[in-house]
Amino acid sequence: MILIVSIDFDQSTYEVANWIKYISNSDLLIINENNHIKELSVTIEPNGESEVKISTSNRAKIDLKAIDSIWMRKGSIIFEDQLNETGISQIDLISKRDISAIIDFIYFLLDSKKVIGELNNAEINKFIVLKEAAIVGLSIPQTLITNRKKYLDKYFKGNYVIAKSISNIQFYTKKFSCNGYTKRIENSIIPEEFIISLTQKEVVKKYELRIFFLNGKFFASAIFSQSNDKTNLDFRNYDQKKPNRIVPYILPKFIEKKLTVLMRKLGLKTGSIDMIVNSNGDYIFLEVNPAGQFGMISKPCNFFLEREIAQNLLSIENGKM
Amino acid sequence: MKYFNLFACCKLVKGSFRSVIIDLQRGIYEAIPNDLYELINVSRGKSKEELENFYEKENHSVIHEYFNFLIDREYGFWCNSLDEFHRFPDIREEWDLPFPLSNVIIDIGSDSAIDYLNLIDQIINLRIPHLQIRALIDIDFSIIESMVIACERSNVNTVQILIPYPKNEVPILRLKKIVRKNVRINSLIFHSSPYSKVVKVIDKLSYIVFTKKHFTSLDDCGIVSKKYFCPNLNHFVESKNFNTCLNRKISIDAYGEIRNCPSMKTSFGNIKYKSLVEVLNEEGFKSLWKITKDKIDVCKDCEFRYLCTDCRANIKDTSNIYSQPAKCNYNPYICKWKGQKGYITVEKWRKNNTQ
Ligand code: SF4
Ligand code: SF4
């Protein structure tokens, strides 16, 4: 059986699930808010064995032993209790901690299975990633974490500087929205003091690379956004009329080698890597996102990444179907 | 040294008289002279200087203009080295879909021996995403309603219903309620209606449409027109590998006969005695799926062949399954549509040119 942990209405989940059903008769369980865990029984036997039985809101009854592979797409396993808070903050806090301990234990038990993605869903630390990338020999932009203008001025000496989100958080309220996109810092309006920020020297790019990495394989695409002011700094600022060019790209072997080492160091079997190619043809590493969005490159480049993931979960090698 | 690179999403298609460039990402296409097609092909992997040496001096200004045009339209870009040029491969021309069938058309008549709910069960088990239910005569709407309700919690994504304008009054409120409740229904169309009207049920999702058109015969299908061209990647790669109309399609007529499409003569059996899976497993059923535009007479010389949708039921020469769609009014040898000045049919053009 294959387990997918995801969020509701996720298009990629839906497509991967379709491929799984198309190429095999394997059972499939998707856990999300819509189909969360209702009933649970976990044993810890004196001989060290454990048995986990769950049933979900769609009335699926599952023995964890039956699961062969797992795709941690988005979100985490959800219990009914998490959706029904009591409103008494102390109790809810205890229940939250208890549940997270149980979930951790379930993940611990699942760790021996074939997993795509990160079981504990821990957010990856951008600073560690940058440092490790530099250590394996990838170029990275000059980076400064600071909350004072004086350090900005001293470090970047008047070069264009961009600010990026530290953790990939997005939120929208009526008064205020925060999309976590990369923006150029306007030096003239920067106050002396500001909240702690991740800043980098702006790299003049010829094009951006969005690379999906899956178990040692690279699926790279080049995104041309330079001619388009709107998407100059962050291609997520889509232009609907003139969408960016997204085309397949072949990475040089030396970059693939370094990225492979980096992913191994970070303990990631899959992820989405962002790089820049500048006008000199240099490759500059920006970041890696463990729960990488691949939908945006899969379709334009005809990569069939949804099928690729399904085959991976089913341990079918490409071409052997 | 500069090397011109066409974006992989911009495809060149050469026709007998001119070519087109299809921008698959932006969903547009435009005709270009075959000279430009040749230039782009010759230029692959050659630097600007090498190209200039290749062509006579008097052609240089034309070449220059052509490249300006391509850059201007954002069809391509300049690479700084041959190495960079080779880092941009073509888009793989593979087409696939995670369903054994993508479209099913069910015609309902007066044959009460057909078990429609069983048919829906088969459709659900095959996970067919698109369903079209059509009635050529005034039938009891509750049959259709029960079919749609049976699709609940299934992989059936969209349902389109086409029925004649009823003799009795249209229970529009009741219908609106049914359409709203069953999110799968994206359109309910009344043909042969005394008036034309579009009733929005859920914005951008579902409509009830009244049209004066008659669907008493199926001759409406298979029309070839610029209006129906599809400049997108999915259609392009499907055209390269499969028949753009019949691939993964199946139909069950009002008598239960199972065919590739309602207008096809060949039946692969009757749904009363044969299952969809049995038909799907017959090689013969899929043979038309593999007739690509590249194999079809005239179409294979047409610059629109990967934009156009094919028809295999209405063809010019019924004794040749590879002949041109009968309802095509385009002559790719002179690049003119019927009605345009100087248009002559392909047949006439061929006669003139073999003498
Ligand atoms: S083959 Fe022709 S008649 Fe049949 S569905 Fe396609 S376009 Fe219509
Ligand atoms: S000749 Fe063929 S490809 Fe060209 S427009 Fe007509 S039907 Fe379409």
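Convention: sequence-line order gives letters A, B, ...; per-chain numbering from 1.
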Flag the pair B/Arg153 / A/Asn58 as yes when at least one side-chain heavy-atom distance between them is below 4.5 Å, and no otherwise. yes

Honestly, the part of B/Asn234 sitting under 4.5 Å from a heavy atom of chain A is neither

Note to self: In the structure I gave you, are the side-chain heavy atoms of A/Ile250 and B/His86 within less than 4.5 Å of one another anywhere?
What the structure shows: no

Bottom line for B/Leu97: the part with an atom under 4.5 Å from chain A's heavy atoms is backbone

Closest non-hydrogen contact found for A/Tyr22 with B/Pro100 is CE1-N, 3.5 Å

When the 4.5 angstrom heavy-atom criterion is applied to A/Leu251 and chain B, the contacting part is backbone

inquiry  = Can a donor-acceptor pair be found, under 3.5 Å and without considering hydrogens, that links the side chain of A/Asn302 to the backbone of B/Ile91?
reply    = no

Chain A shares the most heavy-atom pairs under 4.5 Å, among B/Ser81, B/Pro89, B/Ala8, with B/Pro89

What class does the angle between the rings of B/Phe88 and A/Phe224 fall in, given that below 30° is parallel, 30 to 60° is tilted and above 60° is perpendicular?
tilted

Is the count of non-hydrogen atoms from other residues, nucleotides or ligands lying under 6.0 Å from A/Lys257 atom NZ greater than 12? no

Whatever's closer than 4.5 Å to a heavy atom in chain A on B/Glu84 counts as side chain

Rounding to 0.5 Å, atoms OH (A/Tyr14) and CG (B/Asn157) come to a distance of 4.0 Å

Apply side-chain contact (heavy atoms from CB on, under 4.5 Å) to A/Ile246 and B/Gln25, showing your working. CA-CA 8 Å; A/Ile246 304 178; B/Gln25 256 165 28; 3.9 Å; yes

#### Entry: Expected output: side-chain A/Arg245 to main-chain B/Glu74 donor-acceptor under 3.5 Å
yes

Checklist entry - Please walk me through it: do B/Asn80 and A/Lys206 pass side-chain contact (heavy atoms from CB on, under 4.5 Å)? => result CA-CA 11 Å; B/Asn80 295 334; A/Lys206 187 164 183 191; 3.6 Å; yes

If one checks every heavy atom of A/Lys21 against chain B at 4.5 Å, the contacting part turns out to be both

Handout entry: Side chain to side chain, B/Phe77 and A/Val247, heavy atoms closer than 4.5 Å
Key = no

A quick test of your reading: do over 12 heavy atoms of other residues, nucleotides or ligands sit less than 6.0 Å from CG of A/Asn25?
no

All heavy atoms of B/Arg92 vs all of A/Phe304, minimum pair found to be NH2-CD1, 3.8 Å

When the 4.5 angstrom heavy-atom criterion is applied to A/Ser279 and chain B, the contacting part is backbone

With a 6.0 Å cut-off (strictly less than), is the heavy-atom count around NZ of A/Lys201, excluding the residue itself, greater than 12?
no

